[in-house]
Novice: 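Can you read through this structure? Questions will come right after.
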Amino acid sequence: MSREKWGTKLGFMLAAMGSAVGLGNIWRFSFVAGNNGGGAFLLLYLLFVILIAVPLLLTEVSIGRRAQSDVVGSYKKLAPGTPWFLSGFFGVFSAFLILGFYCVVAGWSIYYFWNYLTGYFSTQPEAGYGAAFGEFTSHSWQPLFWVALFMTLTIIIVVSGVKKGIESANKIFMPLLAIILIILAFYSLSFEGASEGVRFLFSPDWSAFSDPGIYIAALGQAFFSLSLGMGAMLTYGSYLSNDHKLPGATIGIGLMDSFFAIISGIVIFPAVFAFGIDPASGPPLVFITLPTIFEQIPFGGIVGLVFFFALVLAALSSSISILEVPTAYFMRIFNWSRRFSSILTGAIMFVLGIIVSLGFGIWAGVTPIGENNILDSMDYIASNVLLPLGGLSMALFVGWYFTKEQALDATDFTGSRVGNVWYVIIKFVAPISILLIFLNALGIL
Ligand code: PHE
């Protein structure tokens, strides 16, 4: 059977944007930015996106397109007889880890959507939204129902295939999400006191740069948000043929992803400040503070409904790209059908999701890393360690294993001046920056 392909280049772009734009832009961006001082974090994050992440995105997609294979197969094909394929295993492993916690947060999102649909969250539950969130997430099996629902939806789309499932779903999801968020941003900006939130997000407090944690946090966010370093973009690139030019497409994806992060910042922070909520409330920020805000605004019940609908869509268009990584890999090595491969991998991720979910209930005392619960620990390892390491190895692969001609050819940069800049970034700037940030996070620098 011949490998599947995207229907059009636009289809690829929408799918890649769908992968990039997700809980990372809304849920994760807002609490990481809130925890790390807002403006200073945003500045650093954007710097890393431009300097490291977008050039790496081009690199990652180009590996997949050139090899026309999954994340492990690509390395095996392009560098036969070398240990480079181990870097592909890392990617498959990261996919399990990431979807293992992603599906839990996505499950909460569906639950919230449901509660707006039934009207339960339109008015504050007696004990408050914070308590309602705590009670729900600490329940042993209730959240799991929603996690299972989310994984089922993800699997259904992936089973439907690259063109009919992934591509068509994204064609509807992405424009819809953009419209919803832009309307919400205007809403949020109209609150009295909104300007303080705008200032928090856009005017950097320079002293925040002396906090060592901010660099690794911004790097991890750039990788997570652009779906970089674990092979999701590589796998999507492998369904592209050579007649589509890559550089413009990857810049577009990077711009779009940052646009969505900034827009959701504009939705969340003005409202957070207008209603006197602590921006550093951590991972529950979206789930506790937003309903509080929605309750106080006119038509809040509808705004909440639409918001959580958008959040679920954004999560789905990303989760399918994560599930696709091991699905494509197992399909090739075991000759499994798409259906069998995605159901089995999805089921394993759901089991991980059970562990993560119980980390809010009976296993609340389990803190694998520092004071972080299971979800935060998995997120930390995946986003701040595994993804940047994966990206580092991709940069080294194309920058040092390929010849310069091969690297420029793989990225459609032959004879281009911008191509030379990209090459210097991939060969020197990105690897060195990632290493420096790692050393800094380890306290060595
Ligand atoms: N980029 C996605 C988001 O922002 C998450 C993701 C990470 C997807 C890694 C694929 C790979 O939600």
Side-chain angles (χ1 to χ4, degrees), residues 14-33 45 48-49 53-54 56-57 60-61 64 70-71 88 90-109 150 154 157-158 166 169-170 173-174 177-178 181 218-237 250 253-265 283 286 310-329 345-346 349 375 378-391 394:
L14 285 175
M17 284 176 191
S19 167
V21 177
L23 293 173
N25 302 62
I26 303 172
W27 162 75
R28 198 177 190 282
F29 175 79
S30 54
F31 84 76
V32 180
Y45 163 73
F48 289 164
V49 166
V54 169
L56 265 179
L57 178 62
E60 176 166 344
V61 175
D70 54 82
V71 64
F90 254 113
V92 174
F93 178 72
S94 307
F96 281 99
L97 208 61
I98 294 180
L99 204 47
F101 71 82
Y102 204 86
C103 65
V104 174
V105 182
W108 299 344
S109 311
F150 179 78
T154 303
I157 302 179
V158 173
I166 302 178
N170 278 300
F173 289 0
M174 292 306 299
L177 181 65
L181 281 175
L219 185 75
Q221 178 61 22
F223 270 85
F224 188 87
S225 192
L226 271 176
S227 309
L228 266 182
M230 54 156 266
M233 292 299 190
L234 186 155
T235 308
Y236 273 12
T250 46
I253 297 164
L255 282 177
M256 194 50 89
D257 187 61
S258 302
F259 165 80
F260 272 98
I262 293 173
I263 282 286
S264 37
V286 168
L311 197 59
V312 174
L313 292 189
L316 258 181
S317 61
S318 301
S319 62
I320 52 182
S321 73
I322 308 176
L323 183 59
E324 181 64 18
V325 171
T327 298
Y329 170 59
T345 22
M349 287 158 173
L375 185 148
M378 278 165 70
D379 178 22
Y380 191 92
I381 298 185
S383 312
N384 294 358
V385 183
L386 293 177
L387 296 184
L389 274 182
M394 288 170 188

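Whatever order the structure lists them in is the order used to number ligands and atoms, beginning at 1.
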Novice: Taking the side chain as everything from C-beta on, heavy atoms only, tell me whether Val286 gets closer than 4.5 Å to Phe31.
Specialist: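 No, too far: nothing below the 4.5 Å cut-off.
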
Novice: Between Tyr45 and Phe29, is the ring centroid distance below 6.0 Å?
Specialist: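 Yes, close enough.
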
Novice: Number the atoms of ligand 1 from 1 as they appear, then name those within less than 4.0 Å of a heavy atom of Phe224, with their elements.
Specialist: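 So the atoms of ligand 1 that pass are 1 (N), 2 (C), 3 (C), 4 (O), 5 (C), 6 (C), 7 (C), 12 (O).
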
Novice: Heavy atom to atom 4 (O) of ligand 1, shortest distance: which of Ala20, Ser318, Gly91, Ala314 holds it?
Specialist: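 Residue with the shortest heavy-atom distance to the ligand atom: Ala20.
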
Novice: For atom 8 (C) of ligand 1, find the nearest protein heavy atom and state the residue, atom name and distance (0.1 Å precision).
Specialist: Ser227 OG, 3.2 Å

Novice: Between Leu387 and Ile98, is the side chain to side chain contact (heavy atoms under 4.5 Å, CB included) condition met? List the steps.
Specialist: CA-CA 10 Å; Leu387 296 184; Ile98 294 180; 4.0 Å; yes

Novice: Using a heavy-atom cut-off of under 4.0 Å, does the side chain or the backbone of Arg28 touch ligand 1, or both, or neither?
Specialist: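 Answer for Arg28: neither.
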
Novice: Atom 2 (C) of ligand 1: which protein heavy atom is closest, and how many Å away?
Specialist: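 For atom 2 (C) of ligand 1, the nearest protein heavy atom is Ser19 O, 3.2 Å.
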
Novice: Against heavy atoms of Tyr102, which atoms of ligand 1 measure under 4.0 Å?
Specialist: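 Selected atoms, number and element: 3 (C), 5 (C), 12 (O).
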
Novice: Quick one, Phe223 with Leu56, criterion side chain to side chain contact (heavy atoms under 4.5 Å, CB included). Give me CA distance, side-chain angles, the key distance, then yes/no.
Specialist: CA-CA 9 Å; Phe223 270 85; Leu56 265 179; 3.5 Å; yes

Novice: Could you list which atoms of ligand 1 come closer than 4.0 Å to a heavy atom of Ser225?
Specialist: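 Ligand 1 atoms under the 4.0 Å threshold to Ser225: 1 (N), 4 (O).
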
Novice: Find out whether Arg28 and Leu23 are in side-chain contact, i.e. whether some heavy atom of one side chain is under 4.5 Å from a heavy atom of the other.
Specialist: no

Novice: Give a yes-or-no answer on whether the side chains of Ser264 and Asn25 include a donor-acceptor pair shorter than 3.5 Å.
Specialist: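 Per modelled atom types, Ser264 and Asn25 side chains form no pair under 3.5 Å.
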
Novice: Under 3.5 Å between some N or O of ligand 1 and some N or O of Leu23?
Specialist: yes

Novice: Give a yes-or-no answer on whether the side chains of Ser19 and Ser318 include a donor-acceptor pair shorter than 3.5 Å.
Specialist: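 On atom types as modelled, these side chains do not qualify, holding no pair under 3.5 Å.
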
Novice: Which of the numbered atoms in ligand 1 are under 4.0 angstrom from any heavy atom belonging to Gly24?
Specialist: 3 (C), 4 (O), 12 (O)

Novice: Just jot down the ligand 1 atoms closer than 4.0 angstrom to any heavy atom of Asn25, in number order.
Specialist: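 Matching atoms, with element in brackets: 4 (O).
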
